[in-house]
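This structure is a prediction, so every number in the text was calculated from the model and none was measured.
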Amino acid sequence: MPATDPSLETTVGPLALGNPFLLASGPPTASGEQIRHAFRLGWAGAVTKTIVPDAMEIRDVSPRFAAWKDGNSGLLGFENIELLSRKSVSYWTGEVAATKKEFPDRVLVASIMASPDPGEWQELACTVQDAGADAIELNVSCPHGMPERGVGAAIGQHPDLVREATRAVRQVATVPLIVKLTPNVTDIVPVAGAAVDAGADILAAINTVQCLMGIDLETLEPNPPVAGFSTYGGYSGPAVKPIGLKMISQIARELPVPLMGIGGISRWQDAAEYIAAGASAVQVCTAVMWEGAGIIRGMNAGLSGYLLRKQFAGVGALRGRALPLIGTHAALSRSVHRFAARVFPERCRSCGRCVTACRDGGYHAISMVGGEVAIDRDRCDGCSLCSHVCPEGVIVMLSGA
Ligand SMILES: Cc1cc2nc3c(=O)[nH]c(=O)nc-3n(C[C@H](O)[C@H](O)[C@H](O)COP(=O)(O)O)c2cc1C
């Protein structure tokens with residue numbers, strides 16, 4: 001057991017961070033003041049809202065968000081059709097310089113996007129690094145609005161275009177280069193490989209997942225409705241964490257490149273999972289929009305307590321620990337068979353959900369006998385459906401021969 005609390009310090013390639021938490025590019029980093037507020041609260045770094053050349057017109061619509069919530073107004077998934085920073089390049093150069101002056105120990109990353117012209121990317125990259133940005137993140141992954149103009153995910157979905165944009169910025173960048181990838185591809189590894197080939201120091205994944213949040217059944221307007229019409233947007237928040245985890249672990253298994261994990265991180269546990277899946281640090285956007293930048297306190301404390309309890313000397317000791325446990329389906333054991341058991345009968349309310357699920361979606365192994373749930377172990381196929389539908393956590397899967 002470490003004598004003192006484990007350090008939350010981490011390195012992501014050439015970047016050193018006091019803890020693994022950065023604000024991701026988005027509304028929480030839309031101004032220098034918001035970033036400095038977050039730094040005061042304890043965030044180790046921040047990625048600015050994506051900065052674009054002044055000539056690139058950014059006109060947002062209203063409303064531009066839609067949310068999918070549980071019964072208690074907790075967030076499940078979030079859609080946005082917001083574009084990039086509407087602030088000028090000179091606003092950002094001033095704010096980057098001011099923020100670095102006040103917080104020289106924090107990592108300030110400038111997110112940039114330019115037209116397909118490599119010269120424009122290079123000019124913007126030089127401008128933000130001259131202003132004092134610690135690193136540059138290339139946004140080749142925004143899934144809405146910008147692809148219609150040939151940028152954002154229109155670049156990030158093609159390895160050759162990612163290679164070209166990365167190479168152009170690499171030629172002029174003196175600070176570390178991060179490429180932020182889109183999940184809206186069949187296979188993220190070739191795109192990640194192209195960015196690394198072209199000189200990316202770090203990859204960040206994921207940007208938002210393309211979606212249509214829903215349709216109002218009274219008006220038949222899709223959400224979010226902009227004067228009655230909508231468009232496909234970017235999905236974020238808790239619902240996308242499994243997609244982000246999959247993509248980070250996939251890249252980590254294939255490429256020796258430092259990673260920042262993004263997507264659905266709202267608790268320290270989410271961050272710990274991304275680190276175990278191969279990330280060296282994480283970025284957070286939607287959870288800060290929903291709950292405020294103060295969540296950093298609980299995240300740092302929770303992660304620190306977890307590392308201590310698990311006797312990990314630091315973040316680095318957790319990094320990638322789950323990777324050797326992810327393999328092909330064919331490689332999974334067929335010799336282990338689990339069976340369902342009602343281990344806490346006193347908590348069972350005999351609601352019958354497990355019976356229905358096993359009857360209509362399973363193997364007819366569960367029935368109600370005299371008002372009590374009865375599991376026929378011989379018929380149980382070990383699929384685990386009942387343990388997931390049980391609202392009381394009464395059923396667990398036990399090991400069997
Ligand atoms: C409203 C909103 C605006 C965003 N704007 C940007 C942006 O300007 N540039 C960018 O690279 N990503 C942008 N993102 C994507 C986030 O940085 C992040 O990749 C994504 O939301 C997944 O993380 P999360 O689940 O923590 O939000 C935006 C996300 C949201 C929700």
Side-chain angles (χ1 to χ4, degrees), residues 11-15 20 24-25 47 109 111 113 116 121 135-143 146-147 151-170 173 176-211 234-236 239-265 270-271 273-283 318-332:
T11 54
V12 196
L15 298 177
S25 180
V47 185
V109 181
S111 168
M113 183 194 289
W121 283 94
I136 297 169
E137 184 176 276
L138 303 191
N139 178 347
V140 289
S141 41
C142 178
M146 307 319 290
V151 288
I155 294 177
Q157 288 169 329
H158 300 284
D160 289 346
L161 299 181
V162 169
R163 190 177 286 110
E164 199 180 311
T166 309
R167 190 171 285 146
V169 177
R170 179 74 286 167
L177 187 54
I178 305 167
V179 177
K180 182 171 179 180
L181 303 174
T182 174
N184 302 298
V185 289
T186 310
D187 185 356
I188 201 165
V189 174
V191 186
V196 172
D197 282 352
D201 297 295
I202 297 165
L203 300 183
I206 54 176
N207 206 317
T208 52
V209 182
Q210 252 197 336
C211 74
Y235 202 32
S236 63
V240 309
K241 188 184 81 176
I243 300 168
L245 274 180
K246 185 248 183 185
M247 296 205 162
I248 282 291
S249 64
Q250 249 189 319
I251 301 168
R253 291 173 64 212
E254 299 285 336
L255 298 168
V257 61
L259 296 170
M260 291 194 188
I262 322 172
I265 297 167
D270 305 321
E273 287 178 66
Y274 268 97
I275 294 166
S280 298
V282 297
Q283 298 183 15
L318 172 62
R319 183 168 52 237
R321 287 293 278 259
L323 290 175
L325 307 178
I326 305 171
T328 63
H329 194 277
L332 296 175

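Closest non-hydrogen pair, Tyr235 versus Cys211, comes out as CB-SG, 3.7 Å. Between Asn207 and Ser141, the shortest heavy-atom contact is ND2-OG, 3.0 Å. Here the closest heavy-atom approach between residue Ala252 and residue Gly278 is recorded as CB-CA, 4.0 Å. For Ile178 against Met260, the heavy-atom pair with the smallest separation is CD1-CE, 3.9 Å. Residues Val257 and Ile251 share a closest heavy-atom pair of CG1-CG2, 4.1 Å. Closest heavy-atom contact between Met113 and Gly152: CE-CA, 3.7 Å.
The side chain to side chain donor-acceptor pair (under 3.5 Å) pairs that include a residue from residues 152-162 are Asp160-Arg163, where partners are two or more places apart or lie in different chains. For the side chain to side chain donor-acceptor pair (under 3.5 Å) condition, the pairs that include at least one residue of residues 242-252, sequence neighbours left out, are Lys246-Gln250.
Taking CD of Glu137 as the start and CG of Leu203 as the end, the distance is 10.5 Å to the nearest 0.5 Å. Remark: Ile206 CD1 to Lys180 NZ distance equals 9.5 Å, nearest 0.5 Å. To the nearest 0.5 Å, atoms CD1 (Ile275) and CZ (Arg321) are separated by 13.0 Å. Within the model, atoms CG of Leu259 and OH of Tyr274 stand 11.5 Å from one another, a figure rounded to the nearest 0.5 Å. The structure places CZ of Arg167 at 15.0 Å from CH2 of Trp121, a figure rounded to the nearest 0.5 Å. Atom CD1 of Ile243 sits about 13.5 Å away from atom CD1 of Ile248, to the nearest 0.5 Å.
The backbone N or O of Val209 sits nowhere less than 3.5 Å from a side-chain atom of Asn184 that would complete a donor-acceptor pair.
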Distance-only donor-acceptor hits, side chain of residues 186-200, under 3.5 Å, sequence neighbours excluded:
residue : atom : partner : partner atom : Å
Asp187  : OD1  : Val189  : N            : 3.0

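Considering only heavy atoms from C-beta on, Ile155 comes within 4.5 Å of Val162 through its side chain. Between Val179 and Val140, some side-chain heavy-atom pair lies under the 4.5 Å cut-off. At least one side-chain heavy atom of Pro116 sits less than 4.5 Å from a side-chain heavy atom of Val151.
For the salt bridge (Lys or Arg N to Asp or Glu O under 4.0 Å) test, residues two or more places apart in sequence or in another chain that qualify with Lys241 are Asp270, Glu273. Applying the side-chain hydrogen bond (donor to acceptor under 3.5 Å, both in side chains) criterion to Thr166, with sequence neighbours excluded, gives no partner residue. Residues passing the side chain to side chain contact (heavy atoms under 4.5 Å, CB included) test with Arg253 are Leu323, Ile326, sequence neighbours excluded.
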Requested in this report: Test side chain to side chain contact (heavy atoms under 4.5 Å, CB included) on Leu15 and Ile202 and set out the steps.
Outcome: CA-CA 9 Å; Leu15 298 177; Ile202 297 165; 3.7 Å; yes

